[in-house]
Amino acid sequence: MKVSLKWLSEYVEIPADLKAFCDRLDLTGTGVEGVEIAGATYDKVVVGQIVEKKAHPDSDHMWVCQVSVGENNLGKDGKPEPLQIVCGAQNFNEGDKIPVALVGAEFGDFKIKKSKLRGVVSNGMNCSERELGLGSDHDGIMILPADAPVGEPFADYMKLNDKILDLEITPNRPDCLSMKGMAREVGAMYERGFTDPLDDPIFNLAENQDLEPTADSVEVTISDPARCDRYTARVIENVKVGPSPDWLAQRVTAAGARSINNIVDATNYILFLLGQPLHAFDYDKLANKDGKVHIIVRPAEDGEKFTTLDGEERTLTSDMSVIATPTEAVALAGVMGGLDSEVTDETTTILLEAATFSSGHTSRTSRNLGLISEASLRYERGVDDNPIGALSDASAALIAAVSGGTVRPGIVDVWEQKTEPIMLGFRIPRFNAMMGAEMDRDYIISTLTRLGCAVTVADEAESVAASCAEGELLHVLAPTFRPDLEREIDLYEEVLRLYGMDRIEPTLPGGAGRCERGGPPAVQAECPPQRAQRPGDLRSGRRPGAARRGPVGFRRDRLQPALYPHRGYRGAGRERAGLRAPLRPGRRGRRTGLLPCHRGAVGEGPPSGRL
């Protein structure tokens, strides 16, 4: 997952030391696979101004332009001098401000060079949004506001300079597959608060009560609740599909996606910001003759054909789920929409889907079809069904804001199975004894609260029943967006990883019959007096309290007495633990030394081996 530090810093304070921040992420379980300096892509791209536009002498559609780029091109007298650039676009005029790629600029494998176009020298390129990776518009040059300063680096003017972290999010942390989740995580790491992105006024929903209620025109049926816990639908009318506002296109681009149009970008923005996949259908392509829509979430039929948004016809199986009307499938549930119901420039009414689908069915569908999407990645790991209604409202408000649309009143919400939060106990003495640390109650409560848990202190009777002193037992309500918090030990792990395992003094494990000097005081108090350690204990591995590390080897039984003939030396003549059903004949016994390993390796290795 790509995380823009510029974007993330709007919700939580980011440390100034990037290396230390990345190291801390690694230590707390979020791997940093790479750091990308955004804006470097636009090296040698500057703001220019068309000062002269003349028809090409040998072309009926090309123009020879004189483009001012300020101090980026100086004449022999040391003063700024316009560049001559040949351009085929038709949407610009003299005086327009535009992005200009100077000689030496690179766009992937394409490098700008001084060249001749039909005999006329060209010293750069006037750029479109698509060439800059800021949109899909390739019909003309990107026209900048009139107040854009000539000669300023394009990345500085557009505020594209950023640091992008490429993070490895473990499968048990679906909550971190969003900017909000990462803001919460960073806040917990550094004991800081974070701002909820939903507090942004752009997400305040205003429904038009004069329009037909959504429930009067939309019906949703879930044929198999095991495949879909919750499905919601909203309708936005009078939308105008077009390019996204700059801020929206930049956010989507920073997250690693390509800006397409304002509707698609808005759904992707919600996915990256809040972790909720969405899909926007063209309402009119779903409606029947009376203008109503009936959405059915059902299993696909074996052999059913379906064409996805990428134009590929795919053969489905009954293990896959589809979103359908009574006549045809219109989307692969949790994976990708269909070509026949996609939003186009002619779309005026949107049906917005916000749902959660079975992680198992979604995973098998995406892999069997070779179709892994940002949506399927999140559904595979689990999307919380509880906030979907609120996120649908926020998404509809955003789409209306960027498209000029109006939202119909009401939402269709079919909620078949609700995920309930889990109440867990947290015994502080047990935690400190197991972890080998002494953490106070306030720190533990603060850490769990910052992670989204609701924590209360148990009363005296409950504490006594759990063999704890008063105030040492906590009741922790694990949030539904953390499906990995299922047991008390899971809470221990959360507190420990944020406290820092590197801060724990190494000690040998403690417990009844496994005590060692240097263990936690709570454990030492219960330990029986230790016997003196005999010299032979170190050779035989019988160290009180020592935890065995590494694999346990099982070697050929017949080699043991042959290699260790002297009684009392490394276990010869002693009863050894063994397997009842060894994987290979003659390898029942546990090895008692290194020589059997070497002898076995030589005996099974090349003929030239020596022992």
Side-chain angles (χ1 to χ4, degrees), residues 36-146 148-164 243 246 249-250 252-254 256-260:
E36 174 188 341
I37 307 300
T41 307
Y42 303 105
D43 186 33
K44 293 186 176 296
V45 180
V46 301
V47 175
Q49 183 175 26
I50 305 293
V51 296
E52 184 179 274
K53 173 185 176 182
K54 291 184 177 181
H56 193 290
D58 195 26
S59 172
D60 58 359
H61 69 280
M62 300 179 76
W63 303 94
V64 180
C65 309
Q66 299 299 320
V67 184
S68 173
V69 291
E71 300 290 332
N72 293 286
N73 187 61
L74 303 177
K76 294 181 179 179
D77 57 359
K79 297 181 179 179
E81 183 176 277
L83 287 174
Q84 179 170 285
I85 298 176
V86 178
C87 179
Q90 306 298 316
N91 69 321
F92 67 98
N93 298 297
E94 291 182 356
D96 284 344
K97 303 285 183 68
I98 62 171
V100 178
L102 306 176
V103 172
E106 296 185 20
F107 300 95
D109 296 332
F110 179 63
K111 186 173 183 177
I112 304 299
K113 301 177 181 178
K114 181 177 180 179
S115 59
K116 284 188 177 182
L117 297 176
R118 297 200 178 183
V120 177
V121 174
S122 181
N123 295 295
M125 181 177 73
N126 300 336
C127 302
S128 68
E129 290 182 2
R130 184 175 175 182
E131 289 160 341
L132 294 169
L134 298 176
S136 57
D137 187 2
H138 194 56
D139 294 333
I141 295 171
M142 181 179 182
I143 305 299
L144 301 176
V150 174
E152 182 173 351
F154 180 72
D156 291 348
Y157 173 70
M158 296 293 289
K159 298 180 180 179
L160 297 174
N161 293 314
D162 196 1
K163 296 180 179 67
I164 310 293
D246 289 343
Q250 290 168 17
V252 170
T253 301
R258 180 171 59 88
S259 177
I260 298 175

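Note that the structure is predicted; figures quoted are calculated from it, not measured. These numbers come from the heavy atoms of this one structure, side chains and all, not from hydrogens, waters or symmetry mates.
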Under 4.5 Å between any side-chain heavy atoms of Y42 and M158, yes or no?
-> no
Minimal non-hydrogen separation, K97 against A146, with atom names = NZ-O, 2.8 Å
G140 and N91: which non-hydrogen atoms are nearest, and at how many Å?
-> CA-OD1, 3.3 Å
Close side-chain approach of P80 and L74, heavy atoms under 4.5 Å = yes
Stepwise, does the side-chain contact (heavy atoms from CB on, under 4.5 Å) test hold for V46 with E152?
-> CA-CA 6 Å; V46 301; E152 182 173 351; over 6 Å; no
To the nearest 0.5 Å, what is the distance between OG (S128) and CD1 (I98)?
-> 11.0 Å
Min side-chain heavy-atom separation S68-V150 under 4.5 Å = yes
What distance do D156 atom CG and N161 atom CG have between them, rounded to the nearest 0.5 Å?
-> 5.0 Å
Check whether any side-chain N or O of Q49 sits under 3.5 Å from a backbone N or O of V69 as a donor-acceptor pair, and report yes or no.
-> no
Please tell me if the side chains of P153 and V45 come closer than 4.5 Å, counting only heavy atoms from C-beta onward.
-> no
From F92 atom CZ to C87 atom SG, the distance as rounded to the nearest 0.5 Å | 4.5 Å
Where is the tightest heavy-atom contact between A148 and V47, given as atom of each residue plus distance?
-> CB-CG1, 3.9 Å
Would you say the side chain of F110 lies within less than 4.5 Å of the side chain of E131, judging by non-hydrogen atoms?
-> no
When you look at L160 and F154, which way does the side-chain contact (heavy atoms from CB on, under 4.5 Å) test go after all the steps?
-> CA-CA 8 Å; L160 297 174; F154 180 72; 4.0 Å; yes
Per side chain to side chain contact (heavy atoms under 4.5 Å, CB included), I50 is matched among I143, N126, I141 by N126
Can you tell me how far CD1 of I112 sits from CG of L102, rounded to the nearest 0.5 angstrom?
-> 9.5 Å
Would V103 and K44 count as a side-chain contact (heavy atoms from CB on, under 4.5 Å) if you check the C-alpha gap in whole Å, the side-chain angles of each, and the deciding distance to 0.1 Å?
-> CA-CA 8 Å; V103 172; K44 293 186 176 296; over 6 Å; no
Within a strict 4.5 Å, meaning less than it, do heavy atoms of the M62 and L117 side chains meet?
-> yes
With a 4.5 Å limit on heavy-atom distance, are the side chains of I37 and K163 in contact?
-> yes
Verify side-chain contact (heavy atoms from CB on, under 4.5 Å) between H56 and V86, making sure each step is shown before the conclusion.
-> CA-CA 8 Å; H56 193 290; V86 178; 3.9 Å; yes
Would a distance-only check, ignoring hydrogens and angles, find a side-chain to backbone donor-acceptor pair under 3.5 Å from Q90 to H61?
-> yes
To the nearest 0.5 Å, tell me how far K53 NZ sits from Q66 CD.
-> 14.0 Å
Distance from D246 atom CG to M142 atom CE, nearest 0.5 Å?
-> 5.5 Å
Would a 4.5 Å heavy-atom cut-off, applied to side chains only, mark C127 and V100 as touching?
-> no
